[in-house]
Amino acid sequence: MGLSNKMIFLVVDDSKISRKWLIEMIPKKIVESAEIIEGCNGEEAIELYKQHQPDIVFLDITMPGIDGFEALQHIKEINADALVVMVSADRQKSTKERILNLGASAIISKPIDEEEFRTTLLKLVF
């Protein structure tokens, strides 16, 4: 993966504001050469993943209907190598352990620290 290929990002959060913040934190040089797809719940996350096979998924945990945990499981069943970054305000150790056990590539805490976000993204992209 790299900037020479058009990257596809899937950003899923039931909050439109949270999706906008996440997208705005992606460095401009990456966004300019990327396609960004948005979803607002777990069902959409799974369907959009199937349709677009994104390079990286940013997935909120707490959403109506299918939550981020279940969506992560489905995405990993579709592609065991999927890069999924979970985004959550839940800082409990048990939640982080569950996320990592389900195969998430990284966890970013809300409120999102821009430096942590960019560092995590760049580690996954390069």
Side-chain angles (χ1 to χ4, degrees):
M1 202 179 338
L3 296 180
S4 59
N5 299 339
K6 184 174 184 178
M7 293 187 66
I8 302 172
F9 291 85
L10 174 57
V11 180
V12 183
D13 195 307
D14 57 325
S15 164
K16 187 174 184 173
I17 292 169
S18 291
R19 290 194 310 269
K20 184 177 183 226
W21 283 337
L22 276 166
I23 292 165
E24 286 178 359
M25 281 190 227
I26 300 170
K28 294 279 184 257
K29 65 181 180 183
I30 295 175
V31 170
E32 289 169 1
S33 62
E35 178 179 351
I36 298 176
I37 301 159
E38 296 181 54
C40 63
N41 59 47
E43 291 91 342
E44 284 188 6
I46 296 162
E47 286 309 309
L48 290 169
Y49 190 88
K50 287 178 188 174
Q51 289 173 23
H52 300 280
Q53 298 290 307
D55 297 295
I56 299 178
V57 179
F58 292 98
L59 184 60
D60 186 28
I61 293 177
T62 308
M63 296 182 288
I66 293 178
D67 65 13
F69 293 117
E70 191 174 344
L72 173 61
Q73 281 183 286
H74 285 285
I75 289 169
K76 293 302 267 188
E77 287 169 8
I78 296 165
N79 177 5
D81 296 325
L83 294 178
V84 182
V85 178
M86 301 301 287
V87 183
S88 177
D90 187 338
R91 296 174 185 260
Q92 295 180 56
K93 186 179 179 189
S94 60
T95 300
K96 289 184 178 188
E97 287 174 357
R98 182 176 177 197
I99 290 168
L100 294 174
N101 286 338
L102 290 172
S105 305
I107 304 163
I108 295 177
S109 298
K110 289 182 181 179
I112 299 167
D113 175 78
E114 193 167 347
E115 190 60 36
E116 175 191 8
F117 176 86
R118 288 181 184 212
T119 300
T120 300
L121 175 61
L122 292 174
K123 280 181 186 173
L124 293 174
V125 173
F126 297 106

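Residues: numbered from 1 along the sequence shown.
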Side-chain heavy-atom pair Ile37, Gln51 within 4.5 angstrom cut-off
no

Residue pair Met86, Ile61: steps toward the side-chain contact (heavy atoms from CB on, under 4.5 Å) verdict
CA-CA 7 Å; Met86 301 301 287; Ile61 293 177; 3.6 Å; yes

Ionic contact status for Lys110 with Asp60, cut-off 4.0 Å:
yes

What salt bridge (Lys or Arg N to Asp or Glu O under 4.0 Å) pairs are there with at least one residue in residues 116-126, not counting sequence neighbours?
Glu114-Arg118

Output the distance between atom CD (Glu115) and atom CE (Met25), rounded to the nearest 0.5 Å.
11.5 Å

Check: Ile30 and Leu122 side chains under 4.5 Å, non-hydrogen atoms:
yes

Test item: Val85 and Ile107 side chains (from C-beta on) under 4.5 Å apart, heavy atoms
no

Step by step, work out the side-chain contact (heavy atoms from CB on, under 4.5 Å) result for Phe117 and Leu22.
CA-CA 9 Å; Phe117 176 86; Leu22 276 166; 3.4 Å; yes

I'd like to know if the side chain of Ser33 and the backbone of Lys6 have a donor-acceptor N/O pair within less than 3.5 Å.
no

Any donor-acceptor pair under 3.5 Å from Arg19 side chain to Asp13 backbone:
yes

What's the separation between atom CG in Asp113 and atom OG1 in Thr119, rounded to the nearest 0.5 Å?
8.0 Å

Just wondering, do Tyr49 and Asn79 contact through their side chains at under 4.5 Å, heavy atoms?
yes

Ring pair (Phe, Tyr, Trp, His ring centres under 6.0 Å) partners of Phe69, counting only residues at least two apart
none

Can we say Lys28 and Glu32 salt-bridge, meaning some charged N sits less than 4.0 Å from an Asp/Glu carboxylate O?
no

Look up atom CD in Gln53 and atom CD1 in Ile78, then write down how far apart they are to the nearest 0.5 Å.
7.0 Å

Ile56 side chain near Leu121 side chain, heavy-atom distance below 4.5 Å
yes

Could you tell me the separation between the CD1 atom of Ile36 and the NE2 atom of His52, rounded to the nearest 0.5 Å?
13.0 Å

To the nearest 0.5 Å, what is the distance between CD1 on Ile26 and CZ on Phe58?
5.5 Å

Going by heavy atoms in the side chains, are Ile66 and Asn41 under 4.5 Å from each other?
no

From Leu72 atom CG to Ile46 atom CD1, the distance as rounded to the nearest 0.5 Å:
10.0 Å

In residues 92-100, what donor-acceptor pairs under 3.5 Å come from side-chain atoms, sequence neighbours left out?
{"residue": "Thr95", "atom": "OG1", "partner": "Asp90", "partner atom": "OD1", "Å": "3.3"}
{"residue": "Thr95", "atom": "OG1", "partner": "Asp90", "partner atom": "OD2", "Å": "2.8"}

May I ask you to test the Asp55-Leu83 pair for a side-chain heavy-atom distance under 4.5 Å?
no

Do Val12 and Glu38 come within less than 4.5 Å of each other through their side chains, counting heavy atoms only?
no

Is it true that a side-chain atom of Glu44 and a backbone atom of Cys40 form a donor plus acceptor pair closer than 3.5 Å?
yes

